[in-house]
Amino acid sequence: MLESKLSQCVKEAVQSLYDLLLSEKDITLQKTRKEFTGDFTIAVFPFVRASKKSPETTASEIGEYIKNHLKEVTDFNVIKGFLNLEISKSYWLNFLNNHQQDVSFGFTKTEEKEVVMIEYSSPNTNKPLHLGHIRNNLLGWSVAQILKANGKNVVKVNLVNDRGIHICKSMLAWQKWGNGETPTTSGLKGDHLAGKYYVLFNQHYLEEIAEMMTNGMEKEVAEKQSALMLEAQEMLRKWEAKDETILHLWETMNAWVYEGFDQTYRRMGIDFDKTYYESATYLSGKSIVEKGVSEGKLIRKADQSVWADLTAEGLDQKLLLRSDGTSVYMTQDLGTAHLRNEEYQPQQMIYVVGNEQNYHFDVLKLILLKLGYNWADSIHHLSYGMVELPAGKMKSREGTVVDADDLMDEMEKTAYDKALELGKIDDFESEEARQLYAVIAMGALKYFILKVDPQKNMLFNPTESIDFNGHTGPFIQYTHARIKSLIKKASDDISPIVANIDVLTKEKDIIRLLHEYPAIIKVAGENRSPALIANYAFELAKEYNGFYQEITILKEENDDLRNFRLVLSAFTANTIKSAMGLLGIEVPERM
RNA sequence: GGCCCCGUAGCUCAGUUGGAUAGAGCAACAGCCUUCUAAGCUGUGGGCCACUGGUUCGAAUCCAGUCGGGGUCACCA
C-alpha cells in the first residue's frame with residue numbers, strides 16, 4: 001500500500017535528518033483537504049522538538065527527503081507545519097488499471113479464517129417484527145457482510161424467544177376467542193395472527209382489571225388475581241410439564257409465526273446460518289448454574305433461589321434461578337452462550353441487541369468469567385440506540401408501533417407513486433417495474449437506517465424517509481444506474497489506460513475516494529459500523545454525480561481521455577455496487 | 001440516587017488514530033433540461049461543535065465537573 005510506504009519513508013526521513021526514532025502511530029498521514037494542492041498530508045509538529053527548526057523548515061526538509069526517495073512522490077508544498085505530498089499521475093492511472101475489473105476490490109483474502117458468530121433479530125413469537133427489529137436485522141446482516149469482507153468466517157445466528165408467559169397469552173386468547181382461525185382461513189400472515197391475539201389478550205386483561213377496580217379492588221391485587229392472568233400462568237406450567245394439548249397448540253401457532261417471519265426476512269433480504277430456540281436451550285443454562293453452585297461460585301439462599309454475587313465487581317447480586325427453580329432471562333443467555341461456544345468455538349461472539357440491555361451484557365460477561373469461562377472475553381455487545389418517532393417514543397402498549405411489513409408496503413407504494421409521477425418507468429415492462437419499486441423501496445429504508453451511527457438513538461420520520469431526494473439510498477442507486485447506462489451507450493471495449501492523461505481535479509477526488517475503499521471496509525469491520533460504508537458510498541456517488549454532470553464522455557474528442565473516463569466510471573460503478581452490497585442494498589442496472 | 005449512552009446549522013445526520021478556514025442532506029432563495037436519466041447539478045444564506053475548566057505545538061474529538069435528553073438498576077424478557 002502506498003500509505004504504508006509513505007509512513008515508512010517519513011520514519012526514515014526523521015531518523016536520518018533528526019536522529020529521532022518514530023513509531024507508526026507518531027505519523028499522521030491523512031488526505032489533503034480539497035482546498036490545498038497535494039494528495040497526502042503530514043503534520044510535522046511532533047518532530048520540531050527533535051529538528052530544533054521551525055515547522056516550515058522541518059516540513060520542507062522532510063518533503064525534500066521523501067521526494068528524493070520515493071518515485072511516487074513528484075512534488076510537495078508546505079503550509080504552516082503541514083507537508084502536502086503530491087502523488088504521480090502514473091500511480092493513480094496504474095491504480096485504476098489494476099483494479100477496474102476487480103469485483104472484490106477492497107475485500108481481504110485470507111487462508112486461515114477466524115470464526116465470528118453474530119446474533120441478531122432475536123424475535124418473540126407472540127407478535128410480528130417492528131421498526132426496532134428492522135434496525136437490528138439490517139445492522140446484524142450488514143455487519144456480518146462487512147466481517148466476511150474482512151476475511152472472517154461468519155456464522156449468522158438467530159435466537160428465537162419461543163417460550164414464556166407472553167407466548168401463552170397469545171395462545172390463550174386464540175383458544176378463547178379464535179374460533180379456529182388460521183392464516184389460511186383469515187388471510188393473515190401467521191405472525192400477525194399471533195400478534196392479533198396477543199393484543200386481544202391485553203385488551204381483555206385490562207378490561208378485567210378495570211372492572212375489578214370499580215368493584216373496589218386495589219390495582220395491584222387485581223393484577224395478581226386476574227382470572228385471565230392466572231389462566232395464562234397455568235398454561236405456562238402445563239407447557240413446562242409438557243402437556244400434550246398445550247404443546248400441540250404451541251407448535252401449531254409457532255409454525256404460523258415462523259412462516260410469517262420467514263416472509264419478512266426474505267423480503268428484507270436477510271438470512272441466518274442457524275436458529276436457536278430458547279425452548280431448546282434454557283435447560284442448559286440451569287445446569288451451568290447448578291454446576292456453579294456446587295463449585296461454590298454462586299450462592300443458594302434459604303428460599304432456594306440462586307444468585308451471583310457481583311459486589312466485588314462493583315455491581316449488585318443478580319438472580320439466576322427463582323425460588324421455585326425456574327430460570328430467568330440471564331440463565332437462558334448463559335446457557336445459549338455456553339452451547340454456542342461448545343458448538344463453534346468462535347473467536348468472537350457478537351450480539352446485536354438494543355442498548356437498553358447494556359447492563360445485562362456487562363453482567364452476562366462477568367458471570368461467565370466468574371464461572372471460569374474465559375471465552376466470555378470474546379463476547380461483544382453490538383449495542384444500538386432506539387428508533388424514535390416524531391410523535392414520541394414507540395411503545396407497543398400505546399399502539400404506536402410501526403409494523404415492519406406495513407412499513408415495507410408503504411415504502412414500496414411510495415416508490416411506485418413517485419416513479420409514476422416522474423414518468424420513470426414508461427418504458428419498463430410491468431414485471432421489471434414491479435421489481436424496481438421493491439429494490440428502491442428497500443434501498444431507501446435500509447439506507448435511511450444504516451447511515452446513522454448504531455450507537456445513537458435515531459429519529460425515524462416516515463414522511464422524510466420516503467423522500468427519494470438528497471442523502472438517500474435511491475440517490476446512490478440512481479448514480480449507479482446512470483453510470484451503467486453511460487457505459488452501455490459507449491459500447492466500446494474499455495481498454496487499459498496507457499496514455500499520460502492530465503488528471504483533472506474533479507476526477508482525482510473520485511480516484512482518491514476509490515483508493516481508500518479498503519480502509520473504509522476495514523475500519524467499518526473493526527467498529528462494526530455499516531454507517532461508515534453508507535456515508536462513504538454517498539460521498540462517492542455525490543462526487544461522481546458532480547463530475548458526471550459536466551463531462552461528455554460519449555463524444556470526447558481525445559480518445560485517451562474518453563477511455564480514461566470510461567475506466568473511471570466503470571470502477572466507480574463497481575465500488576458503489578460492492579459498498580451497497582455490504583449494506584444489503586441492490587443497485588439496479590437502470591431506473 | 002448509582003451506573004451507561006447521547007448533546008455539532010431551523011430539522012435529520014457526517015466528522016476516520018487529536019490537525020489547516022467545521023461538512024452533507026432537507027427546508028429557504030437564485031440559476032441550469034438541443035447532450036447520458038432533472039429521482040439530478042451549480043450557487044447563496046445559515047454554527048459559542050450544550051457549558052466551564054484541564055491536558056499540548058494543536059481539542060467538536062482526550063480528561064474532570066456542570067447542565068439538558070435517553071436508557072438501566074425486577075423472582076419481566
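Residue numbers start from 1 in every chain, and the chains themselves are labelled A, B, ... in the order their sequence lines are given, proteins ahead of strands.
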Regarding the side chain of A/Met386, the nearest nucleotide among B/G71, B/A14, B/C75 is B/G71
- Query: Would you say A/Phe361 has more than 12 foreign heavy atoms packed within less than 6.0 Å of its CZ?
  - Reply: yes
Touch class at under 4.0 angstrom, heavy-atom based, for A/Gln357 against every strand present: base
Each base of RNA chain B marked ( ) or [ ] if paired in-strand (Watson-Crick or G-U under 3.5 Å), | if paired to another strand and . if unpaired gives (((((((..((((.....[...)))).(((((.......))))).....(((((..]....))))))))))))....
ask   = Within the structure shown, what part of the strands sits under 4.0 Å from A/Arg590 by heavy-atom distance: base, sugar-phosphate, or nothing?
value = base
Open item on the list: In whole Å, measure the gap between the C1' atoms of B/A22 and B/G15 for me.
Closed with: 8 Å
If you compare every side-chain N and O of A/Lys456 against the phosphate oxygens of B/C5 (OP1, OP2), does one of them come in below 4.0 Å?
no
Out of B/U72, B/U12, B/U37, minimum distance to the side chain of A/Tyr548 belongs to B/U37
Taking only N/O atoms, report every protein-nucleotides 2-4 of chain B pair under 3.5 Å with atom names and distance.
none

Ranking B/G70, B/G15, B/C6 by distance to the side chain of A/Leu532, first place goes to B/G15
| query | Got more than 12 heavy atoms from elsewhere within 6.0 Å of NZ, A/Lys522? | reply | no
Name the nucleic acid region contacted by A/Pro46, choosing base, sugar-phosphate or nothing; use a 4.0 angstrom heavy-atom cut-off, strictly under. base
Side-chain atoms of A/Ile520 come closest, of B/C57, B/U16, B/A24, to B/U16
Within residues 320-329 of chain A, those residues having any heavy atom closer than 4.0 Å to RNA chain B are A/Arg322, A/Ser323, A/Val328, A/Tyr329
Checklist entry - How far, in whole Å, is B/A20 from B/C49 if one measures between their P atoms? => result 15 Å
TODO: Ignoring backbone atoms, test whether A/Lys80 places a side-chain nitrogen or oxygen under 4.0 Å from the OP1 or OP2 oxygen of B/U21.
DONE: yes
Taken to the nearest whole Å, NZ/A/Lys451 to C1'/B/U16 is 19 Å
Which is true for A/Leu83 with a 4.0 Å heavy-atom rule: it touches a base, it touches only sugar-phosphate, or it touches nothing?
-> nothing
- prompt: Taking atom C1' in both B/U12 and B/A27, what distance in whole Å separates the two?
  reply: 11 Å
Among side-chain atoms of A/Ser51 and A/Thr58, is any donor-acceptor pair under 3.5 angstrom? yes
A/Gln317 CD to B/C75 C1', in whole Å, measures 13 Å
Discussion item. Whether A/Lys489 contacts B/U37 is assessed here as follows: a side-chain N or O lying under 4.0 Å from the phosphate OP1 or OP2. Is that the case?
Written reply: yes
Note to self: Tell me if the CZ atom of A/Arg49 is crowded by more than 12 foreign heavy atoms within 6.0 Å.
What the structure shows: no
#### Entry: Side-chain donor/acceptor contact of A/Asn84 with base of B/A20 under 3.5 Å
yes
Answer with yes or no whether A/Thr41 presents, from its side chain, a donor or acceptor under 3.5 Å of a partner atom in the base of B/A20.
yes
Do A/Ser170 and A/Asn126 have side-chain N/O donor and acceptor atoms under 3.5 Å apart?
no
- Any side-chain heavy atom of A/Leu382 sitting closer than 4.5 Å to one from A/Tyr351? no
Using 30° and 60° as the class boundaries, would you call the ring planes of A/Phe82 and A/Phe45 parallel, tilted or perpendicular?
perpendicular
Q) Does a nitrogen or oxygen in the side chain of A/Gln549 sit under 4.0 Å from OP1 or OP2 of B/U42? A) no
Q.
Categorize A/Asp453 for me: base, sugar-phosphate, or nothing, with a 4.0 angstrom heavy-atom threshold over every strand shown.
A. sugar-phosphate
Worksheet item: How would you label the contact of A/Phe36 with the nucleic acid (heavy atoms, under 4.0 Å): base, sugar-phosphate, or nothing?
Response: base
For nucleotides B/U21 and B/A60, find the distance between their P atoms and express it as a whole number of Å.
11 Å
Q) Does atom NZ of A/Lys413 have more than 12 heavy-atom neighbours, drawn from other residues, nucleotides or ligands, at distances under 6.0 Å? A) no
Query raised in the report: So, A/Phe82 and B/A20: ring centres less than 5.5 Å apart, planes less than 30° off, yes or no?
Result: yes
Note to self: Between A/Thr479 and A/Asn545, is there a side-chain donor-acceptor contact under 3.5 Å, judged purely by atom types and distance?
What the structure shows: yes
A/Ile483 CD1 to B/G40 P, in whole Å, measures 15 Å
What contact category does A/Ala481 fall into here, base, sugar-phosphate, or nothing, at under 4.0 angstrom with non-hydrogen atoms? base
(message) In whole Å, measure the gap between the P atoms of B/G69 and B/U8 for me.
(response) 14 Å
Regarding the side chain of A/Asn124, the nearest nucleotide among B/C13, B/G7, B/A77 is B/A77
Looking for any heavy atom pair under 4.0 Å, which part of the strands does A/Met591 touch: base, sugar-phosphate only, or nothing? base
Side-chain atoms of A/Arg49 come closest, of B/U37, B/C57, B/A77, to B/C57
Per atom distances to the A/Ser305 side chain, the nearest of B/C75, B/C13, B/A39 is B/C75
With the side chain defined as heavy atoms from C-beta on, A/Glu356 is closest, among B/C41, B/G19, B/U72, to B/U72
Item to complete: Indicate the ring-plane relationship of A/Phe547 and A/Tyr544, choosing parallel, tilted or perpendicular according to the 30° and 60° boundaries.
Response: perpendicular
Rounded to whole Å, the NZ-P distance (A/Lys484 to B/U37) equals 16 Å
Practice problem: Could you verify whether a donor N or O on one side chain and an acceptor N or O on the other, from A/Lys577 and A/Gln477, lie under 3.5 Å apart? | Solution: no
Query - Distance under 6.0 Å and angle within 45° of ring axis: A/Arg163 vs A/Tyr282 - result: yes
Roughly how far apart, to the nearest Å, are B/G10 and B/C3 at atom P?
33 Å
Ring centres within less than 5.5 Å and planes less than 30° apart: is that true of A/Phe45 and B/G19 in this structure? yes
Its glycosidic angle compared against 90° from 0, B/C33 adopts the form syn
Closest to the side chain of A/Asn545, out of B/C57, B/C41, B/U72, is B/C41
Is a donor from one side chain sitting under 3.5 angstrom from an acceptor on the other, for A/Asn355 and A/His381?
no
NA contact type, A/Gly164, heavy-atom cut-off 4.0 Å: base, sugar-phosphate, or nothing? nothing
A/Arg482 side chain N/O closer than 4.0 Å to the phosphate oxygens (OP1, OP2) of B/A38? yes
(message) Less than 3.5 Å apart, any donor N or O on the side chain of A/Thr57 or A/Ser60 sitting next to an acceptor on the other?
(response) no
Note to self: Under 3.5 Å, is there a donor on one side chain and an acceptor on the other for A/Ser121 and A/Asn137?
What the structure shows: yes
| field | Gap in Å between the two P atoms, one belonging to B/U42 and one to B/C26, rounded | value | 11 Å
